[in-house]
Amino acid sequence: MNHLLYLLVPVLFLLVGCNRPIITEQVINRCLDSLIVTHPNSDPALIERGVRQVACQWTREDGTKDDFENLVLSHLTATSEERTALFNSLSRIFEHINQYNDLMYVSLQFPVTLTNRGEPTEADLLINDYFPGAHVSEDFYANKLAFIIMLNFPAYTLSEKDDLGAHWTREQWAMARLGDVFAHRVPTSLTQQKQALNAQTERYIASYNIHTSSLVNKEGQHLWTEPKSLLAHWYLRDELKTCYALGEQAKQELIYEVFQHIVRQTIPACVIDQPQTTWCPTTNLVNGKPADREQDNRYATMLSLFHYAQQEDAYYPAQPTLIQRTFENSLEISEAEVVSLFEQTLSSQELKDVIALVRQRLGRDLRPYDLWYNGFRSQDPASGANLNAVTSQRYPSAQAYKDDMPRMFRAFGFTSDRAQFLADHIVVEPARGSGHEWPSLGREEPSRLRTRVGENGMDYLGYNIAVHEMGHSVENITSLFIDQYFLQGVPNSAFTETSAFLFQQRDLQLLGQGKVEELPVVDIFWSMAEIMAVSLVDIRSWHWMYDHPLATPAELREAVLGFAREVWNTYFAESFGERDSEILAVYSHMIAYPLYLPNYAIGHLVQFQLEEHLSRFATPETLAKEYTRIYQQGRLTPQTWMQGATGQPLSVQPILRAVREILGVEE
């Protein structure tokens, strides 16, 4: 997963509508008349856009109407050369502010986020809630730089970017992204509150470990011969996946029961992150006795993020819900379009055919957890415990993984110089949580690849996550070192997830333990369908919270479980032969990262189209070169980026067609 911390990095907030404007139309028109006369060679439409956006955000605290008029008349750049000079200065200023505030922030977080910094003290926990960059935006409004930016680099709507962007130069695109920076105005107090809430949520999720040493079946047997700390949901799910190669269905059934207790909040509180207990998920007894369940903390945490979003809603009059802002601003794809893509896939005959193939391969009736069947990947005989031995021996520490990155990058196809360049700009750190990548916000700051490293080194799951996060890091560095700072990055988080998937798909190849398929169509499709279903549960849950703003955690719990059953019954029950499974509610993203899950689903869709495109490049070297070209496009809109990458729009039809071909199904 990629953690995107925006300080003053341009974000996609659509500026439509104003909150309590105080600048009258008469004042605006007087300013426009004067500016058009004094700037006869400037674009009058651009001048008007800038003046109106400044007027839209101007408050009484910013000054009088005369102050407004003096600002717009004094600070509009007279020539294109002056505008470019101002833009270049702002690029330098923002890069320095972003990266050094971010460096301070992540450094203060080290004791809480990393395992090699000792146990966090009370001071560490308190400072973890602190956001050094919280006041920067407020400061720029106070010194009027924010308004000068709005005036000279106004924001564009998504439809305008899609329509006009095809004809924009790189500099025009970057100027439009600069215009996004101040297209919203959320008070600093709320920004700081959000950071504190996110930090608390992270701590809750990062400590939600289930220890295999505490798990027993109903006969009282321990199924795991060596203890493992399995973070929910990530490591529990991935442990379930490893059981397929070893035929360990009894373990899978036990993990499934754990999942059901987590989502229903019937899990005993005393077994969370406690290896000393003995818990039988089948009977739900701890040390042979009933135990108090965890209260509805999972859903209370989800509600706390919703209530924060409600506070922000007032500052987005055109998009007064987090749902709208997520799709229209962050993803830059409408909710209707995203849901349509998901429903097309989940209701397709191709998915039913793949489910039938899973049943055939397993040779038994399907269980709900078979949604995570992983047998479509090329597998090497050295699996399970053997792979753990390989990775723990090769990577006894985070530094050992770091030292091996140049070799892995060369194996991916990068030249020796490029491989070393990428490795030099990435640090590897041992994470307390599931692992993630913390992106660099400036060219003097490294990308931070974080994964779990146990006492005996990095097991295969930790390695697999590390390769995923390495894909994020490579995207971060590739799309940062480009011609325009304000274009750094990708259209949305789905596109960095695509890079992570491209690398993760090749984890055995990079390890020297297997050969990746040229186009793992069915594997991508299967993973995509699963996460699309989970995403629908997430989306429906957020709509329900907005419809029931006074809901209790218990009421939210029942609603989420109802949506999980509803989505399961609609798309999977008939093919799996089992109704009312609630497994789709288990993802921790729903609790800690509101509405992030659709990024994974869109990421898989983009991944297929990129994989299909990259499969035309015959050697690893040509593939790596094309990867670099594609990701150096930077943060265009999704459809513009896809056209530049593959020459095709984003669609589910190519992967559905490819699945039919693989399965030998006629049109």
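Hydrogens, waters and symmetry mates are skipped; everything else that's a heavy atom, side chains included, is used.
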Would you indicate whether the side-chain heavy atoms of Met405 and Met470 approach each other to under 4.5 Å? yes
Which atom names give the shortest non-hydrogen contact between Ser473 and Leu449, and what distance separates them? OG-CB, 3.9 Å
When rounded to the nearest 0.5 angstrom, what distance separates CH2 in Trp173 from CG in Asp483? 13.5 Å
Between Arg432 and Glu119, is there a side-chain N and carboxylate O pair less than 4.0 Å apart? yes
Check for a donor-acceptor pair, side chain of Thr496 on one end and backbone N or O of Ser493 on the other, with a separation under 3.5 Å. no
Without hydrogens or angle criteria, can the side chains of His613 and Gln648 be said to hold a donor-acceptor pair below 3.5 Å? no
Residue pair Glu160 / Asp162, side-chain heavy-atom distance below 4.5 Å: no
Is there side-chain contact between Ser137 and Thr191, with heavy atoms separated by less than 4.5 Å? no
Can you tell me how far CZ of Phe421 sits from CD1 of Ile426, rounded to the nearest 0.5 angstrom? 10.0 Å
Do Glu312 and Tyr308 have side-chain atoms, one donor and one acceptor, less than 3.5 Å apart? yes
Side-chain donor-acceptor pair under 3.5 Å between Glu437 and Ser447, yes or no? yes
Between Asp313 and Arg325, does at least one N-O distance fall below 4.0 Å, as a salt bridge requires? yes
Given side chains that start at C-beta, do those of Leu636 and Leu487 come closer than 4.5 Å, heavy atoms only? yes
Evaluate the criterion side chain to side chain contact (heavy atoms under 4.5 Å, CB included) for residue pair Asn599 and Leu331; output intermediate values, then yes/no. CA-CA 8 Å; Asn599 286 285; Leu331 272 171; 3.3 Å; yes
Please examine the side chains of Pro120 and Val112, heavy atoms only from C-beta on, and report whether any two atoms are closer than 4.5 Å. yes
Looking at side-chain heavy atoms only, is the closest gap between Val181 and Phe153 below 4.5 Å? no
Would you say the ring centers of Tyr105 and Trp438 fall short of 6.0 Å from each other? yes
Are the aromatic ring centres of Trp234 and Tyr587 under 6.0 angstrom apart? no
How about CG on Asp163, more than 12 heavy atoms from neighbouring residues, nucleotides or ligands closer than 6.0 Å, or not? yes
Take Lys161 and Asp180 through the test salt bridge (charged side-chain N to carboxylate O under 4.0 Å, His left out) and record every step on the way to the result. CA-CA 11 Å; Lys161 288 177 185 136; Asp180 292 330; 3.0 Å; yes
Under 4.0 Å between a side-chain nitrogen and a carboxylate oxygen: does that hold for Glu611 and Arg506? yes
Which word best sums up how the rings of Phe182 and Phe140 line up, parallel for under 30°, tilted for 30 to 60°, or perpendicular for over 60°? tilted
Measuring from atom CD of Glu475 to atom OG1 of Thr628, what distance do you get when rounded to the nearest 0.5 angstrom? 12.0 Å
Ser330 and Asn492: side chain donor to acceptor below 3.5 Å: no
To the nearest 0.5 Å, how far apart are NE2 in His75 and CG in Leu145? 10.0 Å
Let me confirm one number: the CD1-CG distance from Ile465 to Leu461, rounded to the nearest 0.5 Å. 6.5 Å
Check: His425 ring centre within less than 6.0 Å of Phe481 ring centre: yes
For His135, is there any backbone N or O sitting under 3.5 Å from a side-chain donor or acceptor partner on Glu138? no
Please report whether the ring centroid of Phe501 lies less than 6.0 Å from that of His468. yes
For the residue pair Leu71 and Leu151, what are the closest heavy atoms and their distance? O-CD2, 4.3 Å
Looking at Phe486, I'd like to know if the NZ or CZ of Arg177 sits under 6.0 Å from its six-membered ring centre while staying within 45 degrees of the ring's axis. no
Relative to Tyr235, does Arg452 satisfy both conditions: NZ or CZ under 6.0 angstrom from the six-membered ring centre, and within 45 degrees of the ring's axis? yes
Lys144 NZ: over 12 foreign heavy atoms closer than 6.0 Å: yes
Within the 4.5 Å heavy-atom criterion, are Leu90 and Tyr485 side-chain neighbours or not? no
Is Arg418 positioned over the aromatic face of Phe409, cation under 6.0 angstrom from the ring centre and no more than 45 degrees off axis? no
Any ion pair linking Arg443 and Glu95 (charged N to carboxylate O, less than 4.0 Å)? yes
Aromatic centroids of Phe608 and His604 separated by under 6.0 Å: no
Could you tell me if Gln643 and Thr640 have a donor-acceptor pair between their side chains, going purely by distance under 3.5 Å? no
Which value, rounded to the nearest 0.5 Å, describes the distance between Ile205 atom CD1 and Thr301 atom OG1? 7.0 Å
Applying side chain to side chain contact (heavy atoms under 4.5 Å, CB included) to Ser479 and Gln632, what does each step give before you reach the verdict? CA-CA 5 Å; Ser479 62; Gln632 284 184 337; over 6 Å; no
Is a side-chain N or O of Thr391 found less than 3.5 angstrom from the main chain of Tyr460, in a donor-acceptor match? yes
Indicate, with yes or no, if the rings of His589 and His233 have centres closer together than 6.0 Å. yes
Residues, nucleotides or ligands: over 12 heavy atoms within 6.0 Å of Lys402 NZ: yes
Using ring centroids (six-membered ring only for Trp), state whether Tyr141 and Phe147 fall under 6.0 Å. yes
Arg185 to Tyr315, cation-pi by 6.0 Å centre distance and 45° axis angle: no
Polar side chain donor-acceptor pair, Asp124 to Thr121, under 3.5 angstrom: yes
Contact check, side chains of Ser499 and Phe503, non-hydrogen atoms, under 4.5 Å: yes
Between Phe495 and Tyr631, ring centroids under 6.0 Å: no
Assess, by modelled atom type and distance only, whether the side chains of Gln109 and Tyr130 contain a donor and an acceptor separated by less than 3.5 Å. no
In plain terms, say whether Asp403 and Arg394 are close enough for a salt bridge, that is, a side-chain N and a carboxylate O under 4.0 Å apart. no
Examine Arg49 relative to Tyr156 and say whether NZ or CZ is less than 6.0 Å from the centre of the six-membered ring and inside a 45° cone about the ring axis. yes
Checking Tyr463 side chain against Asp507 main chain: does a donor-acceptor pair fall under 3.5 Å? yes
Look at the rings of Tyr596 and Tyr600 and say which category their plane angle falls in: under 30° parallel, 30 to 60° tilted, over 60° perpendicular. perpendicular
Main chain of Ser416, side chain of Gln420: is a donor-acceptor contact present, judged purely on distance under 3.5 Å? no
